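Heads up: the structure comes next, in structure tokens.
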Amino acid sequence: MGALVDTKTLRNAIPAEPSRLLPVELSVIVPTFNERANLPALVAGLTSALADIRWELIVVDDDSPDGTAEEVRRWHGVNPRVRILRRIGRRGLASACIEGALASSAPYLAVMDADGQHDPKLLPAMLQVLLDDEADLVVGSRHVENGGVGAWSGWRAQISQVATGLAHTSGLRQLSDPMSGFFAIRREAFDARAPNLAGRGFKILLELIVANPAFPPGRIRELGYKFGLRTQGESKFSLSVAWDCLATLVEGGSGGLISRRFLTFGCVGAFGFGVHLAILGTAYRLLNLSFGLAQIAALSGAILSNYVLNNILTYGDRSNRGWRWISGLVSFGMICGSSAWANFEVSQIAFRHGAPWAAAAFLGAATGALWNYIATARITWRA
């Protein structure tokens, strides 16, 4: 082992400027993937808006191929407030926000996007609400006074309205904009809920609200802001994001009894059954294939569709790519084949012990589905 650094050397390594020694008051957590072109405007906006606040920017980058991490390091050389947390082999906006928050020691945390759609000018007002002890969580809302959605496309606005309505139906009526990705929170409020955050999906705010312990009445505030336009890069919003929001609401509404992964896996399986019937009917009735060949085609199509959709929706945070996509498909097919055997055996045993045929069939199908879910999570999409 090398010699320990002596006290004099350590003292000389500490910056002499008093401002460098003051603790950070606000950490701004920004998850990124291919957002290099948006960094200059983000840093400039934060520098201007937070001129009177001791702040830092923690960019949590999911190993962007466009060099986002390298650009953040370059900015750190100019502005030490800017730092990078680069993740390799992990993906997902929610988990990125959690890791960024846990990497901070600041008493107040803010989460926002890098694409210019969240206005940094709102951050001082958010922080002031927390400093005045008026709330534990302050959410930037597009649906209150001084708020707006900007130039959203019609379909995106409709999806947002549906998701917000579902959130309100699930009991999240304390927020007008539960789909927001722009908020500030007290450190102690975040730390109290961090152990109960799954860190999957795209809407970390939803997770925080449905996590235990619940926020006390009146400890959540909303401040209006106008949703900006993305000027660089591509939007991350997609149907998979919308589905993740719905699955999060179901998980929260069931008290965690129905997990998002299991719900998504089950829905994909139901869709796969529809694919199976469609291919079977086409091959057997229209193409005049034998029933055996039609069944093989239908099973193959259902397995392929289930694998593709699960890779995107159920396990999007650790989806298979490259050669792993092919090996994952092979393992998925083998597991599905073994589950058919488990389905058959369980239904046979249940029927022999006096269960009605429909109940026996249901037990067999449930066993096969559960086996598929457990085995594919451990083998096909192992963490």
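Since the structure is predicted, the reported quantities are computational estimates derived from the model, not experimental observations.
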Is it the case that Arg193 places NZ or CZ above or below the six-membered ring of Phe215, under 6.0 angstrom from the centre and within 45 degrees of the axis?
yes

Going by heavy atoms in the side chains, are Val30 and Val60 under 4.5 Å from each other?
no

Check: Arg87 main-chain N/O paired with Arg90 side-chain donor or acceptor under 3.5 Å
no

Could you tell me whether the side chains of Asn372 and Ser339 share a donor-acceptor contact shorter than 3.5 Å?
yes

Using side chain to side chain contact (heavy atoms under 4.5 Å, CB included), reason through Arg382 and Arg324 one step at a time and then give a plain yes or no.
CA-CA 11 Å; Arg382 60 188 180 276; Arg324 277 195 64 184; 4.2 Å; yes

Distance-only, no hydrogens or angles: does the Ser48 side chain make a donor-acceptor pair with backbone N or O of Ala44 under 3.5 Å?
no

Inspect the contact between Asp136 and Arg186 and indicate whether a charged nitrogen and a carboxylate oxygen are less than 4.0 angstrom apart.
yes

First locate atom CG of Leu39, then atom CZ of Arg74, and finally report the distance between them rounded to the nearest 0.5 Å.
9.0 Å

Within this structure, what is the CG-CG distance for the pair Asn306 and Leu329, rounded to the nearest 0.5 Å?
11.0 Å

Measure the shortest side-chain to side-chain distance between Tyr373 and Arg261 over non-hydrogen atoms and say whether it is less than 4.5 angstrom.
yes

Any chance you could lay out the side chain to side chain contact (heavy atoms under 4.5 Å, CB included) test for Trp325 and Val308, step after step, and finish with the verdict?
CA-CA 9 Å; Trp325 194 95; Val308 170; 3.9 Å; yes

Could you give me the CA-CA distance, side-chain angles and deciding distance for Ile209 and Leu205, then say whether side chain to side chain contact (heavy atoms under 4.5 Å, CB included) is met?
CA-CA 6 Å; Ile209 295 174; Leu205 177 62; 3.9 Å; yes

Nearest heavy-atom neighbours spanning Arg221 and Ala135
CG-CB, 3.7 Å

Looking only at side chains, do Thr314 and Thr264 share a donor and an acceptor under 3.5 Å apart?
no

On a heavy-atom basis, the closest approach of Val24 and Ser27 is CG1-OG, 4.1 Å

Test salt bridge (charged side-chain N to carboxylate O under 4.0 Å, His left out) on Arg86 and Asp63; report intermediate values, then the result.
CA-CA 6 Å; Arg86 180 186 177 196; Asp63 199 24; 2.7 Å; yes

Do the side chains of Leu50 and Val28 get nearer than 4.5 Å, heavy atoms only?
yes

Testing the basics here: between Arg83 and Ser104, what is the closest heavy-atom pair and its distance to 0.1 Å?
NH2-CA, 4.1 Å

Does a sphere of radius 6.0 Å around CZ in Arg285 hold more than 12 heavy atoms from other residues, nucleotides or ligands, not counting ones at 6.0 Å or beyond?
no

Mind checking whether Leu223 and Phe182 have side chains closer than 4.5 Å, heavy atoms only?
no

What I'd like to find out is whether the side chain of Val59 reaches to under 4.5 Å of the side chain of Leu85, using heavy atoms alone.
no

To check you understand the geometry: which heavy-atom pair defines the closest contact between Gly140 and Leu122, and what is its length?
CA-CD2, 4.1 Å

In terms of hydrophobic clusters joined by side-chain contacts under 4.5 Å, are Tyr315 and Ile326 together?
yes

Looking only at heavy atoms, which two atoms of Cys97 and Ile204 are closest? And how far apart?
SG-CG2, 4.0 Å

From CG (Leu363) to OG (Ser347), nearest 0.5 Å
9.0 Å

Which residues pass the side-chain hydrogen bond (donor to acceptor under 3.5 Å, both in side chains) test with Thr376, sequence neighbours left out?
none

For a quick test of reading the model, state the closest non-hydrogen atom pair linking Ala114 to Thr32 and the distance between them.
CB-CG2, 4.0 Å

Taken to the nearest 0.5 Å, the spacing of Asn310 CG from Phe265 CZ works out to 5.0 Å

Taking the side chain from Ser95 and the backbone from Gly92, do they hold a donor-acceptor pair closer than 3.5 Å?
yes

Distance alone, cut at 3.5 Å: any donor-acceptor contact between the side chains of Ser331 and Thr380?
yes

Side chains of Ile53 and Pro124: does their closest heavy-atom pair fall under 4.5 Å?
yes

Treat each ILVMFWY residue as a node, draw an edge where side-chain heavy atoms are under 4.5 Å apart, and state whether Ile88 and Leu93 are in one component.
no

Same apolar cluster: Leu304 and Met334, side chain cutoff 4.5 Å
no

Greater than 12 external heavy atoms within 6.0 Å of Trp371's CH2:
no

Worked verdict on Leu208 versus Phe183 for side chain to side chain contact (heavy atoms under 4.5 Å, CB included):
CA-CA 11 Å; Leu208 281 169; Phe183 62 89; 3.6 Å; yes

Under 4.0 Å between a side-chain nitrogen and a carboxylate oxygen: does that hold for Arg73 and Asp61?
no

Okay, side chain of Asp115, backbone of Gln117: is any donor-acceptor separation there less than 3.5 Å?
yes

Trp55 versus Glu25: any side-chain heavy-atom pair under 4.5 Å?
no

I'd like to know whether CG of Asp132 has more than 12 heavy-atom contacts from other residues, nucleotides or ligands below 6.0 angstrom.
yes

Quick one: does Ser64's side chain get under 4.5 Å of Glu35's, heavy atoms only?
no

Taking Ala302's backbone N and O only, do any of them form a donor-acceptor pair with His276's side chain (distance below 3.5 Å, no angle check)?
no

Donor-acceptor under 3.5 Å (Asp66 side chain, Arg36 main chain)
yes

Do Ile58 and Leu102 share a hydrophobic cluster, counting only Ile, Leu, Val, Met, Phe, Trp and Tyr and linking them when any side-chain heavy atoms are less than 4.5 Å apart?
yes

Between Trp341 and Val346, is there a shared hydrophobic cluster once you connect ILVMFWY residues whose side-chain heavy atoms come closer than 4.5 Å?
no

So does Leu57 get a backbone contact from the side chain of Arg81, meaning a donor-acceptor N/O pair under 3.5 Å?
no

Distance col, row Gln295:CD vs Ser290:OG, nearest 0.5 angstrom, shows 10.0 Å

Keeping His76 on the side-chain end and Val82 on the backbone end, is there a donor-acceptor pair under 3.5 Å?
yes

Taking atom types as modelled and ignoring hydrogens, do the side chains of Tyr307 and Asn320 form a donor-acceptor contact shorter than 3.5 angstrom?
yes

Here the gap from Glu134 atom CD to Ile220 atom CD1, rounded to the nearest 0.5 Å, amounts to 14.5 Å

